[in-house]
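Input: a single structure, listed below in structure tokens.
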Protein chains: 2
Amino acid sequence: MTNIRKIAKLSGYSVSSVSRVINNHPHVSEEARQKILQVMEELDYRPNILAQELSSGSTRRVGVVIPNMTLPPYFSQLLNGLLDAAMDHNYTLLILPSRYDIDLEKYYLEQLRGRAFDSLIFTSRSVDLETIASYAKYGNIVCCEEVQDPNLSSVYVSRTHACKTAFNWIKDQGKSRIALLFTRKDLKSSTYRLTMEAYKEVFGEKKEPLILDGISTGEDAYEQGDSLLEQDLDCIFSNGDDVATGVVRYYQEKNLALPLLIGQEKQLTGEVLGIPTIDNKSYQLGQESFKQALSDEKRTIILQSEFIIR
Amino acid sequence: MTNIRKIAKLSGYSVSSVSRVINNHPHVSEEARQKILQVMEELDYRPNILAQELSSGSTRRVGVVIPNMTLPPYFSQLLNGLLDAAMDHNYTLLILPSRYDIDLEKYYLEQLRGRAFDSLIFTSRSVDLETIASYAKYGNIVCCEEVQDPNLSSVYVSRTHACKTAFNWIKDQGKSRIALLFTRKDLKSSTYRLTMEAYKEVFGEKKEPLILDGISTGEDAYEQGDSLLEQDLDCIFSNGDDVATGVVRYYQEKNLALPLLIGQEKQLTGEVLGIPTIDNKSYQLGQESFKQALSDEKRTIILQSEFIIR
DNA sequence: TTGAAAGCGCTACCAA
DNA sequence: TTGGTAGCGCTTTCAA
């Protein structure tokens with residue numbers, strides 16, 4: 001094994017000087033630098049990353065727990081934000097798939113405890129917050145959801161305001177017979193809760209919307225298209241631009257006039273359709289989460305969704 | 001920082017004995033073990049993973065380069081196979097997203113060179129094979145494709161035989177007016193090439209099939225459904241069970257009799273539809289790739305796709 | 001500008 | 001069964 005000592009010996013300089021060259025530190029004569037670099041080249045030398053990490057006490061690695069291999073658009077944009085931020089800071093991202101498995105998530109927490117990486121980001125979690133918080137002393141932990149625990153950082157997107165803005169805009173357009181599309185119609189779903197609250201605030205408690213659930217793709221929306229015709233609607237508030245596409249196709253095929261249509265996630269398809277959308281800032285969420293993972297202070301960062309009229 | 005020396009001192013035993021307890025080595029008296037474990041517990045001690053790795057010279061980590069965040073079914077099954085195999089062998093998987101970026105892939109190769117992990121698996125690559133092969137001296141590298149280089153292991157699925165079997169079966173059913181669905185109709189696509197070859201071997205050079213490309217989801221298939229009606233078909237050979245679903249919906253809506261339909265990837269949807277499919281063994285590909293990443297010898301492992309009649 | 005030496009925390013060999 | 005100690009390969013402080 002060719003190590004730093006060997007380079008020192010062959011170059012005629014000390015281990016310290018070699019280390020300085022490796023890390024681009026000042027106070028090395030150009031002569032020394034050249035000679036050392038030359039020997040490194042000859043021996044195909046590359047510093048051992050593990051040794052650097054052990055010695056410096058920092059891995060420049062951040063673990064990211066994701067729920068699954070197959071990720072919806074929200075997650076992939078989030079991951080892209082994380083990845084870009086990591087590259088910007090010269091960090092490496094470890095993607096840690098949890099498959100919703102609590103034990104696997106605990107294993108990753110143990111890895112943090114064992115200093116396999118500096119910080120850990122939960123984009124999603126199955127394990128309880130108390131357990132997660134108990135590992136906070138071993139490194140920064142960021143959860144991409146609203147969390148109160150003072151030991152954890154919390155970075156998430158507040159969608160309430162943009163949602164109300166959207167509903168108000170819809171109302172201003174003179175629309176009032178509205179369908180809401182959801183992945184899950186379930187009080188455990190924060191999306192469902194906040195959308196319903198915003199709706200009621202704008203349209204009142206009495207005016208019931210048509211609610212469709214079990215919809216997460218354009219395909220789903222298309223298949224449930226019939227349900228949309230059961231009521232005389234003038235607006236469809238969908239849960240994704242992709243979903244909206246399915247709605248459009250359904251109406252086109254029936255040769256029916258399309259009601260006002262709202263998308264979400266600001267996807268490419270929404271742009272093409274030219275429909276208003278709500279940008280839930282997943283990419284920014286990723287970037288901010290990463291920055292928070294490096295930060296010294298625990299913090300709660302709330303991003304705001306944005307209603308985009310087109 | 002509480003380290004192995006501190007545990008040794010406080011327990012009254014030596015560093016060696018503490019190490020033995022950590023690693024469940026024999027030749028430690030029950031008394032010593034208990035005392036040491038007790039002190040570890042009290043100090044909330046956890047061995048430093050980096051130090052263990054540096055000292056033992058093995059990280060028990062394998063890097064896996066994937067092209068993108070958003071993965072088609074083939075990749076997610078592959079990753080599940082990798083993950084399960086890794087867990088079985090008590091290894092951790094590092095998912096390394098490349099975004100088809102050559103420099104990023106080179107960066108991962110440098111990480112291998114720097115001993116950040118023991119082996120590297122390319123489920124997909126943009127960087128050229130020569131470059132990859134030049135890193136083989138730093139650790140096992142497995143490519144999930146057909147590769148000749150003696151420095152690289154190659155694990156892939158041969159789909160030719162199953163494809164011919166399928167076409168022969170189709171022929172036996174008395175079908176001959178066939179449509180083939182592809183993601184890319186491009187000689188660079190191995191799927192396209194092997195399917196065409198198998199087709200020609202069974203049906204002859206003269207009998208031209210109808211070819212549709214740009215199809216990777218059920219949605220795509222549905223949208224291109226019209227093209228299927230232009231010719232009088234008696235069999236549609238699709239490139240995925242999901243894709244087949246889109247075809248089914250198209251025919252159902254037109255109230256047309258469905259031709260013989262073949263799926264691929266053995267997905268859940270295909271099972272529900274009850275259509276024959278070709279299992280391309282992605283999960284097994286993952287498992288074998290991982291095993292090969294640990295193996296001492298460079299090897300080529302060829303799995304066989306399987307035609308499943310239902 | 002340079003180098004010696006003390007860490008970083010652990011493993012494993014060898015001697016007792 | 002136990003312990004001493006020499007690594008693993010690098011960083012960093014301090015003195016020269």
Side-chain angles (χ1 to χ4, degrees), chain A residues 1-37 39-40 43-61 90 110-118 138-139, chain B residues 1-37 39-40 43-61 90 110-118 138-139:
Chain A
M1 178 87 315
T2 149
N3 57 26
I4 199 172
R5 255 178 316 253
K6 199 161 171 182
I7 302 296
K9 181 169 289 177
L10 289 176
S11 66
Y13 289 90
S14 71
V15 167
S16 322
S17 291
V18 177
S19 176
R20 288 192 191 96
V21 170
I22 290 173
N23 296 289
N24 280 316
H25 283 176
H27 308 308
V28 184
S29 67
E30 194 49 34
E31 190 190 338
R33 180 182 307 280
Q34 288 309 325
K35 178 64 184 169
I36 289 170
L37 285 173
V39 175
M40 284 180 175
L43 297 197
D44 189 32
Y45 171 77
R46 165 70 154 94
N48 183 306
I49 292 173
L50 294 176
Q52 288 181 313
E53 291 172 348
L54 176 61
S55 183
S56 69
S58 154
T59 64
R60 297 194 84 78
R61 284 188 292 204
N90 197 24
E110 276 298 318
Q111 296 270 105
L112 175 68
R113 184 170 171 224
R115 314 282 163 192
F117 33 79
D118 299 340
Y138 307 117
Chain B
M1 177 89 314
T2 150
N3 58 24
I4 199 173
R5 255 178 317 254
K6 198 161 172 181
I7 302 295
K9 181 168 289 177
L10 288 176
S11 67
Y13 289 90
S14 72
V15 167
S16 321
S17 291
V18 176
S19 177
R20 287 191 193 99
V21 171
I22 290 172
N23 296 290
N24 279 317
H25 284 176
H27 309 308
V28 184
S29 68
E30 195 48 33
E31 190 190 338
R33 180 181 306 280
Q34 287 310 324
K35 179 63 184 168
I36 289 169
L37 285 173
V39 175
M40 285 178 174
L43 298 195
D44 189 33
Y45 169 78
R46 165 71 153 94
N48 182 306
I49 292 173
L50 294 176
Q52 288 181 314
E53 290 173 349
L54 176 60
S55 181
S56 69
S58 154
T59 64
R60 297 194 85 78
R61 284 187 292 203
N90 197 22
E110 276 298 318
Q111 296 270 103
L112 175 69
R113 183 168 171 225
R115 314 282 164 191
F117 32 79
D118 300 340
Y138 307 117

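Just so it is clear, the values below take in all heavy atoms, side chains as well, and ignore hydrogens, waters and symmetry mates. Below, read A as the first sequence line, B as the second, and so on, with proteins coming before strands; counting in each chain starts at 1.
- Spacing between atom CD of A/Glu53 and atom P of C/dC10 amounts to 16 Å, rounded to whole angstrom units.
- With respect to B/Glu53 and B/Arg115, no salt bridge is recorded, no charged nitrogen being found less than 4.0 Å from a carboxylate O.
- Atom CD1 of A/Ile4 and atom P of D/dT12 are 11 Å apart (whole Å).
- With axes fitted over five pairs at each extremity, the angle between the ends of the helix from C/dT1-D/dA16 to C/dA16-D/dT1 is 40° (10° resolution).
- Taking atom NZ of A/Lys6 as the reference point, atom P of D/dC8 lies 11 Å away to the nearest angstrom.
- Taken to the nearest 0.5 Å, the CD atom of B/Glu31 stands 10.5 Å off from the CD1 atom of B/Ile36.
- Protein atom CG of A/Asn3 is 12 Å distant from nucleotide atom P of D/dT11, rounded to whole Å.
- Interface residues of residues 43-52 of chain B facing DNA chain C, ordered by number: B/Tyr45, B/Pro47, B/Asn48, B/Ala51, B/Gln52; criterion, heavy-atom separation under 4.0 Å.
- Scored by the side-chain contact (heavy atoms from CB on, under 4.5 Å) test, A/Arg113 finds A/Glu110, A/Tyr135, A/Tyr138, B/Asp44, B/Arg46 as partners (sequence neighbours excluded).
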Distance-only criterion, 3.5 Å: show the donor-acceptor pairs between side-chain atoms of residues 5-17 of chain A and protein atoms not counting sequence neighbours.
residue	atom	partner	partner atom	Å
A/Ser11	OG	A/Ile7	O	2.8
A/Ser11	OG	A/Ala8	O	3.1
A/Ser11	OG	A/Tyr13	N	3.3
A/Ser14	OG	A/Ser16	N	3.4
A/Ser14	OG	A/Ser17	N	3.3

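- Looking at A/Ile4 and A/Tyr45, their side chains come closer than 4.5 Å, going by heavy atoms from C-beta outward.
- The stretch residues 21-34 of chain A touches DNA chain C through A/His27, A/Val28, A/Ser29, A/Ala32, each having a heavy atom under 4.0 angstrom from the strand.
- Contacts classified as salt bridge (charged side-chain N to carboxylate O under 4.0 Å, His left out) and involving residues 13-29 of chain B (residues at least two apart or in different chains) are not found.
- Separating the OG atom in B/Ser55 from the CG atom in B/Asn48 is a distance of 11.0 Å, to the nearest 0.5 Å.
- Annotation: side-chain hydrogen bond (donor to acceptor under 3.5 Å, both in side chains) contacts of A/Gln52 (sequence neighbours excluded): none.
- Panel note: side chain A/Asp118, backbone A/Arg60; a donor-acceptor pair is recorded below 3.5 Å.
- From A/Leu54, atom CG reaches atom CG of B/Leu50 across 6.0 Å, with rounding to the nearest 0.5 Å.
- B/Arg33 meets the side-chain contact (heavy atoms from CB on, under 4.5 Å) test with B/Val21, B/Asn24, B/Val28, B/Glu30, B/Leu37; sequence neighbours excluded.
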For nucleotides 14-16 of chain C, print each protein N/O atom paired with a nucleotide N/O atom at under 3.5 Å, atom names and distance only.
none

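- Computed from coordinates, the B/Leu54 CG to C/dT11 P distance equals 11 Å when rounded to whole Å.
- Of the residues in residues 7-18 of chain B, those with a non-hydrogen atom less than 4.0 angstrom from any atom of DNA chain D are B/Gly12, B/Tyr13, B/Ser14, B/Ser16, B/Ser17.
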